Peer 1: 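One structure is given below, represented as structure tokens, and several questions about it will come after.
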Amino acid sequence: MPPIKTRFAPSPTGLIHLGNARTALLSALGGDVFVLRIEDTDLERSRAEFVAELIDDLRWLGLDWQEGPRSAEPDPRWYQSQRGEIYANYYQLLEEKNLAYPCFCTPLELEVSRRTQLSSGRPPRYSGRCAHLSAEEIQRKRDEGLAATLRFRVPKDRVVEFEDEVRGPQHFAGEDIGDFIIRRADGSPAFFFCNAIDDALMGITRVLRGEDHLANTPRQLMILAALDLPTPRYAHISLIVGDDGAPLSKRNGSRSIKQLREEGYFPEAVVNMLARLGHHYDSEELLGLTALRAGFDIRRLGRSPARFDVSHLDHWQSLAVRGANDDALWHWLHTETRAMVPAAHRADFLDIVRSNCLFPKQADAWARILFTDELELTADIAAVAQSAGEAFYLAAIDAATESPDDFAAFLTGLKRRSGAKGKHLFLPLRAALTGCLDGPELAKIYQILDKPRLHRRLAEFTYESE
RNA sequence: UGGGAGGUCGUCUAACGGUAGGACGGCGGACUCUGGAUCCGCUGGUGGAGGUUCGAGUCCUCCCCUCCCAGCCA
């Protein structure tokens, strides 16, 4: 079997979000050769900085491409904005075959037409007003200085059929499709056109993309057929949706990869979550890219949309944090956090992080509690601490003095002196020492906490104030 | 409105036409001492109505709901 060539073809008009990232990931997993192409045809919205961000994001996720740009430096091999000459040839071919025609309708006219059709219960389609202008009319409009778009003349009598690798056999009737724009009035190529052309020219054999493109596919197949170019197999994957059931977007909770990275998510967590949305893996472990690739099977891709659920992401994050080695975890922490942790307690602290933290921010909070005097108790927490009474803390101080290095002995001493046990023993202690009602094992905290600091915190409750 | 795709526990995901299972969450228990640790358990679902069948999540019909395309966005 020849190698499968897939691609990811983002438009650099914003940051990569979860939905995009999943398309990129599945494309990378689903191809033997993976290509990155930059579709920067929208001159208004495309920005070089987004190309740089996107490359960073993909790299961070661990994706690699065998063909494609390594930098935001425009390159005619992969930047559509640099491929005008290539497209020009194909426009000319289409015009020569009378399969495309100039359209002088203005955006306003088109908008009005669309609304009129829609409000009268008809599907909005291009009217075909410019479909049959004579050469003279076209020339006259050009002489008047009118700018024209180029429209593809859809063969109305044709039925386009193809086999979608995810959704099975498809067929669309040409009569349901209006003539569409393949070149904007400013000369820039439109998506339907250059996207399909480049897939053909770059030898892409499998186009894996969101199902929002499914109904666009017949248009692209028509273009390719008209130009006698090879067609890829298409695989339209279901979209990730938000809580409202609508495709993920900024407004229903989608976050950019950059944002997730900044929050401290591990790429493994993001990748596992994304790969498992709409795809079943036998293993429930955190898998590396190699294992994800080995287990990937396009036939196992689900056809229904999957909802993004943060609790799933956080589950994978939890596994990633637990699985991280000391070095990786240490550098995952904020610089300020690292500065607080004494070298002697580094390993213990990292263990605490593994079982108690999902994000560096939380680790930072624990570092402050354990290694600084910034402890602040809320009224609720202070009340829990105070509920044990002054005698409890006097007993605790004695017990701690007696067994400074042995938590079990300290506990025994404290129980004997105060008579407290279970919740009534641990909760006040935890509250007084950490300012929290939950967290790492008290044994570890007792071990790590500087003795003078420990005594100070216990002493806080030896004078019950008014 | 036309065309297209989809609908299994709250969420993700399994089930040659043959016991609807797993994971996450939630809840509960255990850990002769805390819990956000750990271990264990429980909860809960085939959108609806018919039909075919010994047997239907799966096949057929009708209905309902959701999403996508119908952009000089991609």
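Proteins come first, then strands; the chains are lettered A, B, ... in the order of their sequence lines, and each starts at number 1. Small disclaimer: the values here were computed from a predicted structure and weren't measured.
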Peer 1: Kindly indicate whether the side chain of A/Glu285, heavy atoms from C-beta on, has any atom under 4.5 Å from the side chain of A/Leu319.
Peer 2: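 A/Glu285 vs A/Leu319: side chains apart.
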Peer 1: Assess whether one donor atom and one acceptor atom, taken from the side chain of A/Lys423 and the base of B/rC33, lie less than 3.5 Å apart.
Peer 2: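 In this structure, the two groups form no donor-acceptor pair.
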Peer 1: What one-letter contact string describes nucleotides 57-63 of chain B from 5' to 3', where B marks a base within less than 4.0 Å of any protein heavy atom, S marks contact via sugar-phosphate atoms alone, and - marks no contact?
Peer 2: -------
Peer 1: Judged by atom type as modelled, is there a donor-acceptor pair below 3.5 Å linking the side chain of A/Ser120 to the main-chain atoms of A/Gln117?
Peer 2: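 The answer is yes, because a donor-acceptor pair under 3.5 Å joins these two groups.
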Peer 1: For each nucleotide in nucleotides 36-41 of chain B, reading 5' to 3', give B when a protein heavy atom comes within less than 4.0 Å of its base, S when such contact involves only the sugar-phosphate, and - otherwise.
Peer 2: BSS---
Peer 1: With rounding to the closest Å, how many angstrom separate the C1' atoms on B/rA14 and B/rU46?
Peer 2: 13 Å
Peer 1: Test of understanding: with side-chain hydrogen bond (donor to acceptor under 3.5 Å, both in side chains), list the residues that count as partners of A/Lys258, not counting sequence neighbours.
Peer 2: A/Glu53
Peer 1: Rounded to the Å, how far apart are A/Tyr234 OH and B/rA5 P?
Peer 2: 17 Å
Peer 1: A/Leu287 CG to B/rA23 C1': how many Å, rounded?
Peer 2: 13 Å
Peer 1: For A/Asp297, give me all partners under side-chain hydrogen bond (donor to acceptor under 3.5 Å, both in side chains), at least two apart in sequence or on another chain.
Peer 2: A/Arg299
Peer 1: Give each protein N/O atom lying under 3.5 Å from an N/O atom of nucleotides 19-21 of chain B, with the pair distance.
Peer 2:
none

Peer 1: What interatomic distance, in whole Å, is found between C1' of B/rA23 and the corresponding atom of B/rU8?
Peer 2: 15 Å
Peer 1: Test A/Phe349 against A/Trp366 for ring pair (Phe, Tyr, Trp, His ring centres under 6.0 Å), laying out the working first.
Peer 2: CA-CA 9 Å; A/Phe349 182 69; A/Trp366 278 110; 9.1 Å; no
Peer 1: For a side-chain contact (heavy atoms from CB on, under 4.5 Å) check, start with the C-alpha distance between A/Leu54 and A/Leu15, then their side-chain angles and the critical distance, and finish with the verdict.
Peer 2: CA-CA 7 Å; A/Leu54 155 185; A/Leu15 294 172; over 6 Å; no
Peer 1: Is A/Arg354 salt-bridged to A/Asp326, cutoff N-O under 4.0 Å?
Peer 2: yes
Peer 1: Of the candidate nucleotides B/rC33, B/rG4, B/rU11, which contains the atom at the shortest distance from the side chain of A/Asp309?
Peer 2: B/rU11
Peer 1: Can you name the residues that form a salt bridge (charged side-chain N to carboxylate O under 4.0 Å, His left out) with A/Arg47, not counting sequence neighbours?
Peer 2: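 Scan of A/Arg47 (salt bridge (charged side-chain N to carboxylate O under 4.0 Å, His left out), adjacent residues dropped) gives A/Glu49.
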Peer 1: Could you tell me how far B/rA56 sits from B/rU66 if I compare only their C1' atoms? Round to whole Å.
Peer 2: 24 Å
Peer 1: Take atom C1' in B/rA20 and the same atom in B/rA15, then report the distance between them in whole Å.
Peer 2: 7 Å
Peer 1: Checking A/Tyr393 now: which residues fulfil ring-ring contact (aromatic ring centres under 6.0 Å, His included) with it, not counting sequence neighbours?
Peer 2: A/Phe461
Peer 1: Treat primed atoms plus P, OP1 and OP2 as sugar-phosphate and everything else as base, then score nucleotides 67-74 of chain B 5' to 3': B for base contact with protein heavy atoms under 4.0 Å, S for sugar-phosphate contact only, - for none.
Peer 2: SSSBSBSB
Peer 1: Could you tell me how far apart A/Leu221 (CG) and B/rG3 (P) are, to the nearest whole angstrom?
Peer 2: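 From A/Leu221 CG to B/rG3 P: 20 Å.
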Peer 1: Report the residue from A/Leu150, A/Ile181, A/Thr149 that forms a side chain to side chain contact (heavy atoms under 4.5 Å, CB included) with A/Cys103.
Peer 2: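 Exactly one candidate clears the test, A/Thr149.
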Peer 1: For A/Leu229, what residues pass the side chain to side chain contact (heavy atoms under 4.5 Å, CB included) criterion, not counting sequence neighbours?
Peer 2: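 In terms of side chain to side chain contact (heavy atoms under 4.5 Å, CB included), with neighbours along the sequence ignored, A/Leu229 is linked to A/Tyr90, A/Ile197, A/Ala200, A/Leu201, A/Leu224, A/Leu227.
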Peer 1: Using the P atom on both, measure B/rG6 against B/rU61 and round to a whole Å.
Peer 2: 15 Å
Peer 1: Would you mind telling me which of A/Gln317, A/Arg255, A/Met273 makes a side chain to side chain contact (heavy atoms under 4.5 Å, CB included) with A/Leu260?
Peer 2: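 Of the listed residues A/Gln317, A/Arg255, A/Met273, the side chain to side chain contact (heavy atoms under 4.5 Å, CB included) partner of A/Leu260 is A/Arg255.
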Peer 1: Answer yes or no: are there more than 12 heavy-atom neighbours, outside A/Lys156 itself, under 6.0 Å from its atom NZ?
Peer 2: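 More than 12 within 6.0 Å, yes.
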Peer 1: Looking for any heavy atom pair under 4.0 Å, which part of the strands does A/His312 touch: base, sugar-phosphate only, or nothing?
Peer 2: base
Peer 1: What is the separation between atom CG on A/Asp164 and atom P on B/rG3, rounded to the nearest whole Å?
Peer 2: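 Interatomic distance, CG of A/Asp164 to P of B/rG3: 20 Å.
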Peer 1: Whole angstroms only, please: what is the CD-C1' distance between A/Glu161 and B/rG4?
Peer 2: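 So the CD-C1' distance, A/Glu161 to B/rG4, works out to 14 Å.
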Peer 1: To the nearest Å, how far apart are A/Asp282 CG and B/rA15 P?
Peer 2: 10 Å
Peer 1: On RNA chain B, check which nucleotide each of A/Ala306 and A/Trp316 is closest to and give me the residue with the more 5' one.
Peer 2: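 Residue closer to the 5' terminus by nearest nucleotide: A/Ala306.
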Peer 1: Tell me the interatomic distance from A/Leu301, atom CG, to B/rG6, atom P, rounded to whole angstroms.
Peer 2: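 From A/Leu301 CG to B/rG6 P: 13 Å.
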Peer 1: Testing the 3.5 Å rule here: is there a donor-acceptor pair between the side chains of A/Ser318 and A/Arg322?
Peer 2: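 Distance-only check passes for A/Ser318 and A/Arg322.
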Peer 1: Between which residue ranges does RNA chain B form stems of three or more consecutive Watson-Crick or G-U wobble pairs, both distances under 3.5 Å?
Peer 2: B:1-7 with B:64-70, B:10-13 with B:21-24, B:26-30 with B:38-42, B:47-51 with B:59-63
Peer 1: Distance check, P atoms only: B/rG21 and B/rC62, in whole angstrom units.
Peer 2: 32 Å
Peer 1: Can you tell me the distance, in whole Å, between the CG atom of A/Asp297 and the C1' atom of B/rU13?
Peer 2: 15 Å
Peer 1: Using atom C1' of each nucleotide, how far apart are B/rC59 and B/rG55 to the nearest Å?
Peer 2: 13 Å
Peer 1: Rounding to the closest angstrom, what is the interatomic distance between B/rC9 and B/rU52 at atom P?
Peer 2: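 Those two atoms are separated by 27 Å.
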Peer 1: Write out all pairs satisfying side chain to side chain donor-acceptor pair (under 3.5 Å) with one or both partners inside residues 192-201 of chain A, taking only residues at least two apart or from two chains.
Peer 2: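 Counting only pairs at least two positions apart or across chains, the side chain to side chain donor-acceptor pair (under 3.5 Å) contacts touching residues 192-201 of chain A are A/Arg7-A/Asn195, A/Arg7-A/Asp199, A/Arg37-A/Asp199, A/Glu39-A/Asn195, A/Gln80-A/Asp198, A/Arg83-A/Asp198, A/Tyr87-A/Asp198, A/Asn195-A/Arg209, A/Asn195-A/Gln220.
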Peer 1: Among B/rC33, B/rC12, B/rG4, find the nucleotide with the atom closest to the side chain of A/Leu411.
Peer 2: B/rC33
Peer 1: Take A/Phe359 and A/Tyr265 through the test ring pair (Phe, Tyr, Trp, His ring centres under 6.0 Å) and record every step on the way to the result.
Peer 2: CA-CA 7 Å; A/Phe359 306 106; A/Tyr265 280 101; 4.9 Å; yes
Peer 1: If you check every side-chain atom of A/Leu425, which of B/rA23, B/rC12, B/rC33 has the closest atom?
Peer 2: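 Closest of the options to the side chain of A/Leu425: B/rC33.
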Peer 1: Quick one: which of B/rG4, B/rU8, B/rG25 gets closest to the side chain of A/Ser311?
Peer 2: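 Looking only at heavy atoms from C-beta outward on A/Ser311, the closest nucleotide is B/rG25.
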Peer 1: Regarding A/Glu111 and A/Arg115, does a basic nitrogen lie under 4.0 Å from an acidic carboxylate oxygen?
Peer 2: yes
Peer 1: Report which part of the nucleic acid A/Gly278 touches: base, sugar-phosphate, or nothing (heavy-atom distance under 4.0 Å, all strands).
Peer 2: sugar-phosphate
Peer 1: Which part of the nucleic acid, if any, lies within reach of A/Gln170 when heavy atoms closer than 4.0 Å are counted: base, sugar-phosphate only, or nothing?
Peer 2: sugar-phosphate
Peer 1: Can you list everything that forms a side-chain hydrogen bond (donor to acceptor under 3.5 Å, both in side chains) with A/Glu144? Sequence neighbours excluded, please.
Peer 2: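 Partners of A/Glu144 under the side-chain hydrogen bond (donor to acceptor under 3.5 Å, both in side chains) test: none.
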